Amino acid sequence: MSADANKMLIKCKVNGQSVSCEIPVECTLLTFLREYLSLTGTKGACLEGECGSCTVLVNGKQVNSCLMLAGQVQGCEVLTVEGLADSDGRLDVLQERFLDAGAAQCGYCTPGLLMSARAFLKDNPKAGREELLTALEGNICRCTGYASIVEAVEKALAEVRT
């Protein structure tokens with residue numbers, strides 16, 4: 001904690017980079033990422049953990065960053081959509097397949113979908129369509145109808161398997 005009881009010093013890794021920042025104790029992970037680290041890829045739509053647009057990975061597990069206090073990631077590794085591409089800027093296989101399939105329209109849900117799909121691919125490389133559909137249930141998209149999203153993730157799954 002800092003000298004101010006309403007603030008705290010948070011130290012963690014975000015997209016592979018060490019971060020140290022003083023924040024209000026009530027700061028959500030979403031606010032920390034967007035306002036303190038300028039990582040605006042993570043979106044906040046419902047702010048109630050229902051839509052999935054704020055999904056990030058904390059120590060490899062997907063979380064709704066709008067519901068998590070930033071202080072809960074003390075000492076953790078956080079991965080956001082900005083961290084999917086490699087250091088040379090080459091897109092992740094999921095990002096490539098989303099582009100190929102036209103799986104992003106307005107783009108608001110896309111970062112959360114990509115992060116949920118990343119967690120799914122990592123944990124379930126041999127999963128089938130039903131498991132994929134279940135894994136994406138927490139992400140709401142109002143534009144695509146999901147067919148292109150499922151197609152993109154299935155193609156990425158096929159590539160990961162080979």
Side-chain angles (χ1 to χ4, degrees), residues 8-24 27-45 49 51-127 131-132 135-136 138-141 143-144 146 148-162:
M8 68 178 296
L9 181 65
I10 184 169
K11 293 181 180 185
C12 61
K13 279 193 172 185
V14 178
N15 299 331
Q17 301 294 313
S18 293
V19 172
S20 179
C21 185
E22 189 172 74
I23 58 169
C27 182
T28 65
L29 178 55
L30 175 64
T31 299
F32 173 61
L33 295 169
R34 291 182 59 81
E35 296 181 17
Y36 290 84
L37 301 182
S38 298
L39 295 171
T40 57
T42 304
K43 307 295 186 224
C51 72
S53 69
C54 68
T55 303
V56 299
L57 305 185
V58 176
N59 292 338
K61 302 295 180 194
Q62 69 185 70
V63 300
N64 291 320
S65 64
C66 72
L67 297 179
M68 184 175 226
L69 291 173
Q72 292 177 273
V73 299
Q74 188 75 263
C76 295
E77 292 195 27
V78 179
L79 182 66
T80 70
V81 69
E82 291 92 344
L84 288 181
D86 68 19
S87 60
D88 295 331
R90 196 176 80 233
L91 296 179
D92 179 80
V93 65
L94 278 165
Q95 292 169 309
E96 289 284 354
R97 294 313 138 248
F98 264 62
L99 284 170
D100 294 346
Q105 288 185 18
C106 83
Y108 212 80
C109 67
T110 307
L113 280 160
L114 285 166
M115 299 314 293
S116 292
R118 166 56 50 224
F120 176 75
L121 288 178
K122 180 180 157 280
D123 294 341
N124 304 285
K126 296 182 180 183
E131 292 97 345
L132 168 59
L136 297 179
N139 296 83
I140 297 173
C141 176
C143 300
T144 66
Y146 299 99
S148 58
I149 293 166
V150 172
E151 174 190 334
V153 180
E154 285 181 325
K155 286 183 178 180
L157 251 175
E159 286 183 48
V160 169
R161 287 182 188 142
T162 59

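Just so you know, these numbers use all the heavy atoms, side chains as well, and skip hydrogens, waters and symmetry mates. Just so you know, these numbers come straight off a predicted model, no measurement behind them.
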Side chain to side chain contact (heavy atoms under 4.5 Å, CB included) between T80 and L37: does it pass, once the steps are laid out?
-> CA-CA 11 Å; T80 70; L37 301 182; over 6 Å; no
Given the rule in the side chain to side chain contact (heavy atoms under 4.5 Å, CB included) test, do L113 and F98 qualify, once you have shown the distances and angles that lead to the verdict?
-> CA-CA 10 Å; L113 280 160; F98 264 62; 4.2 Å; yes
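A search for side-chain hydrogen bond (donor to acceptor under 3.5 Å, both in side chains) contacts involving D86 returns R90, not counting sequence neighbours. Under the side-chain contact (heavy atoms from CB on, under 4.5 Å) criterion, C51 pairs with A45, C46, S53, I140, sequence neighbours left out. Partners of K122 by side-chain contact (heavy atoms from CB on, under 4.5 Å), not counting sequence neighbours: none found. Among residues two or more places apart in sequence or in another chain, the side-chain contact (heavy atoms from CB on, under 4.5 Å) test is passed with T28 by L30, T31. Remark: S148 pairs with no residue by the side-chain hydrogen bond (donor to acceptor under 3.5 Å, both in side chains) rule, at least two apart or across chains. Scanning for salt bridge (Lys or Arg N to Asp or Glu O under 4.0 Å) contacts around K155 gives E151, with sequence neighbours left out. With sequence neighbours left out, the salt bridge (Lys or Arg N to Asp or Glu O under 4.0 Å) criterion links K61 to D123. Under the side-chain contact (heavy atoms from CB on, under 4.5 Å) criterion, A135 pairs with F120, not counting sequence neighbours. Here E154 pairs with R129 under the salt bridge (Lys or Arg N to Asp or Glu O under 4.0 Å) rule; sequence neighbours left out. In this view, R118 and D92 satisfy the salt bridge (Lys or Arg N to Asp or Glu O under 4.0 Å) rule, not counting sequence neighbours.
Of all non-hydrogen atoms in E159 and V93, the two that sit nearest each other are OE1-CG2, 3.2 Å. Counting all heavy atoms, side chain and backbone alike, L121 lies closest to A156 at CD1-CB, 4.0 Å. Here the closest non-hydrogen pair linking K13 and S18 is CE-OG, 3.8 Å. Nearest approach of G49 to L67, heavy atoms of both residues: CA-CD1, 3.6 Å. Of all non-hydrogen atoms in V73 and M68, the two that sit nearest each other are CG1-SD, 4.0 Å. Here the shortest heavy-atom pairing between L136 and A117 reads CD2-N, 4.3 Å.
Looking at L79 and L84, their side chains come closer than 4.5 Å, going by heavy atoms from C-beta outward. Counting heavy atoms from C-beta on, the side chains of L29 and V58 come closer than 4.5 Å. In this structure, T55 and N64 have side chains that are in contact, with non-hydrogen atoms separated by less than 4.5 Å. Residues N124 and E131 form no side-chain contact, since every pair of their non-hydrogen atoms from C-beta on lies 4.5 Å or further apart. No side-chain heavy atom of P111 sits less than 4.5 Å from a side-chain heavy atom of T42.
Each side-chain hydrogen bond (donor to acceptor under 3.5 Å, both in side chains) pair with one or both residues in residues 98-109, not counting sequence neighbours, appears once here: R97-D100. Pairs engaging residues 63-83 under the salt bridge (charged side-chain N to carboxylate O under 4.0 Å, His left out) rule: none recorded [sequence neighbours left out].
For Q74 (side chain) and K11 (main-chain N/O), a donor-acceptor pair under 3.5 Å exists by modelled atom type. Without hydrogens or angle criteria, S65 side chain to C54 main chain gives a donor-acceptor distance under 3.5 Å. Judged by distance alone, the side chain of N139 and the main-chain N or O of G52 form a donor-acceptor pair under 3.5 Å.
Here the NZ atom belonging to K43 is positioned 9.5 Å from the SG atom belonging to C106, to the nearest 0.5 angstrom. To the nearest 0.5 Å, atom CG of residue L157 and atom CG of residue L94 are 8.0 Å apart. The line from CG of L39 to CZ of F32 is 9.0 Å long, rounded to the nearest 0.5 Å.
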